[in-house]
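Please read all numbers here as calculations on a predicted model, not as lab measurements. Keep in mind that the numbers below use all heavy atoms, side chains included, and drop hydrogens, waters and symmetry copies.
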Amino acid sequence: MGKYTEDSKQLLKLIGGKCNIAAVSHCMTRMRFVLNHPDQADVKAIEAMRVVKGSFTQAGQFQVIIGNNVAEFYNDFTAAAGIEGVSKDAVKAAAKKNQNPLQRIVGVIAEIFAPLIPAIIVGGLILGFRNIIDSLYLFENGTKTLCDISQFWTGVDSFLWLIGEAVFQVGIPVGICWSVARKMGTTEMLGIVLGLTLVSGQLLNAYDVASTAAADIPKWDFGFFQVNMIGYQAQVIPAILAAFTLVYLERFFKKITPQAISMIVVPFFSLLLSVIAAHWVLGPIGWRIGSAISSVIYAGITGSFRVIFAAIFGFFYAPLVITGLHHMSNAIDFQLVSDYHGTMLWPMIALSNIAQGSAVLAMIRLQRKNARAQEVNVPACISCYLGVTEPAIFGVNLKYMFPFVCGMIGSAAAAVISVSLMVTANAVGVGGIPGILSIQPQYMISFAIAMAAAIVIPFVLTSIVGKKKLSAEERGLAKETEPAVEEADAKPEPAAESEKEEEKTSEDKPAAETAACSLCAFVSGTVIPIEEVGDGVFSEKILGDGLAIEPESETVLAPGKGTVTTLMEDSRHAVGMVLENGVEILIHVGLDTVQMKGDGFAYLVKENQVVEAGTPLIQFSRETIQAAGKRDVAILAFTDGTDGKQFTFHTGIRAEAGKTEIVQIQ
């Protein structure tokens, strides 16, 4: 009988039995289930289990967080259940049956745009900064901008457009074609080339089409027919249609082409035909579809019923985040920017994020005497105000529900103000308070007014409702109601006995367990609190407390002496260790890097290997991680064996791998 056999039997029963499991797998810390009937799982009872640290449902998968010992638990579970596990890809494929067609479409769109978001945010911030220096008339009685009075800032403004143009005019179509090819498992370089043909300098720039007479549009003349030479800068739908055409053409030619000549035939005909289809058929059709969608949205935002539209969108955007449907807004924002040189949709999204953060801010005030709650509340509020809403929504607001609803109400009110004042952003930016930098200069004050509403209304509503809804224990007031005389009446004898017992226990402990222990940096870089990781699992300390490092080096070193206990041979992105003082740690490189299937990672140790501080554990490529659209932050979490120990984390410093002390354990 395995260590977790009884726990496995209990989980099997609570999850609905063997017949309810369509597929099961595991990653570094979590059991991943695809359930035939998700509603049969008793989530509350599962989360109450001793071995379970939490659970959540994502993309059709029910995930149960176990921790470092998940591999051992998985083996006992599959044995107790009498089923065979499958790969994570198979689980992912099976999970699609729990998704409706709309969820599947949204999932595809989300996976296409996810790798592009960092560049788009950077581009939005750059455009916002250019607005400040070249469009705000703040000098000489409001008649000149900073660029008008300074050649230096004029040069900076011109130089920054190099990046802005690359992101928004060229980067979006090229990035989409590359991302689709990557997601669908076809040749990525062909996707890049296809994207470049959509934005070539030989073509009439998409932004110039409206101001160019039909007779002056350049054409390819084939004698008996002509094709307009029009570019698709910043266009989303033409790029998506062209990219999927390339994918299916390549798959088709791979099936019918003999292996001996496939290297020549497949890429040649796939690319040639997809480029022809893109410029002759798909591009014009996609342009019209995109324009129709953006015109409908624009009419809703600017028309007679814009207040109603704004109230509905502002109120329901946060629930869309829970379902994942909010990813569709990216494509709409890009199309609005392309067609109308700005988007009024994105400011409402930023305001919704701020509103949810403000609800958490009220919870901070209400639970100011609940130290345990504050460990979650404070980092969740900060990350939400900076544009990352998941910790706030899942870690705080949905837990109590009323802060979530109060945030929705505040978001709706702020959206109405934003749309009424015609607040427009140059592009998608940081979805929180820093998002004001992406707002067009003439609307920055208006956005600030809407932002004030998004802060004040949820804060006030949550504070009022919370005083009635939250129990004294939840607010951290329970101890105040206990009679103070109990402490005064306590007899000294038990305390003395306790001290003797503690002294005796301390003497009986091995020196390795009682002596202070320090851990060195496992990679070089800036040490940050684990709350700033912002992934909803590590940052909420579900697996345990810890810290993280924004890496500058690419080799993970053992932070102290111990034994390697857990490796993930298929993904190679994390390692579990037991230190010599019995503390279990998990070092995890990157967020969601399990999806990379080991690309860019290599183990330098084996399971059960005893290592010294500074022993190389993992080699990884930051470039590969970032190219996959993942964050390359390296995380150290203390997952077990921490009872009675005190930890001091040295964050906010730059650490050198193997040399700088980052944790002290006592």
* Output all residues satisfying side chain to side chain donor-acceptor pair (under 3.5 Å) with Glu165, sequence neighbours left out; order by chain, then residue number. => none

* Contacts of type side chain to side chain donor-acceptor pair (under 3.5 Å), residue Ser304, not counting sequence neighbours -> none

* To do: Kindly indicate, with the supporting measurements, whether the criterion side chain to side chain contact (heavy atoms under 4.5 Å, CB included) is fulfilled by Val52 and Met31.
  => CA-CA 10 Å; Val52 174; Met31 294 284 289; over 6 Å; no

* Donor-acceptor side-chain pairing of Asp148 and Thr145 below 3.5 angstrom -> yes

* To do: Could you tell me whether the side chains of Gln367 and Tyr400 share a donor-acceptor contact shorter than 3.5 Å?
  => yes

* Asked: Between the side chain of Ser539 and the main-chain N/O of Glu532, is any donor-acceptor distance below 3.5 Å?
  -> no

According to salt bridge (charged side-chain N to carboxylate O under 4.0 Å, His left out), who are the partners of [X], at least two apart in sequence or on a separate chain?
X      : result
Lys469 : none
Lys541 : Glu531, Asp545
Glu550 : Arg631

Side-chain heavy atoms of [X] within contact of [Y], under 4.5 Å:
X      : Y      : answer
Asn205 : Asp208 : yes
Lys183 : Val180 : no
Ile433 : Met451 : yes
Phe404 : Gln356 : yes
Ile436 : Tyr443 : no

Only counting residues at least two apart or in another chain, list the ones meeting side chain to side chain contact (heavy atoms under 4.5 Å, CB included) with [X].
X      : result
Leu146 : Ile133, Phe139, Ile149, Trp153
Phe305 : Ile308
Val170 : Val174, Val199
Ala425 : Thr343, Trp346, Pro347, Ile439

Quick one: pull up [atom1] in [X] and [atom2] in [Y] and give me the separation to the nearest 0.5 Å.
X      : Y      : atom1 : atom2 : value
Leu351 : Ile417 : CG    : CD1   : 8.5 Å
Ile449 : Ser420 : CD1   : OG    : 11.5 Å
Asp134 : Trp161 : CG    : CH2   : 10.5 Å
Leu636 : Ile549 : CG    : CD1   : 8.0 Å
Leu421 : Ile445 : CG    : CD1   : 11.0 Å
Tyr232 : Ile237 : OH    : CD1   : 12.5 Å

* Ser463 vs Arg365, side chain to side chain contact (heavy atoms under 4.5 Å, CB included): CA-CA, chis, key distance, verdict -> CA-CA 8 Å; Ser463 297; Arg365 179 177 177 274; 4.2 Å; yes

* To do: Kindly determine whether Asp592 and Lys630 satisfy salt bridge (charged side-chain N to carboxylate O under 4.0 Å, His left out), including the steps that lead there.
  => CA-CA 7 Å; Asp592 295 325; Lys630 312 297 183 184; 5.1 Å; no

Considering non-hydrogen atoms only, spot the tightest contact between [X] and [Y] and give its length.
X      : Y      : answer
Met422 : Thr302 : CE-CG2, 4.0 Å
Val419 : Met344 : O-CE, 4.0 Å
Ala627 : Trp178 : O-CH2, 3.1 Å

Contacts of [X] that satisfy ring pair (Phe, Tyr, Trp, His ring centres under 6.0 Å) - sequence neighbours left out:
X      : result
Phe447 : none
Tyr340 : Tyr298
Phe244 : none

* **Identified side chain to side chain contact (heavy atoms under 4.5 Å, CB included) counterpart of Met408 within the set Pro458, Pro319, Ser352** => Pro319

* Hey, can you tell me if Phe313 and Phe309 have their rings parallel, tilted or perpendicular (30° and 60° cut-offs)? => parallel

* Starting from the C-alpha separation in whole Å, work towards a yes-or-no answer on side chain to side chain contact (heavy atoms under 4.5 Å, CB included) for Met363 and Phe402. => CA-CA 10 Å; Met363 293 298 290; Phe402 71 87; 3.9 Å; yes

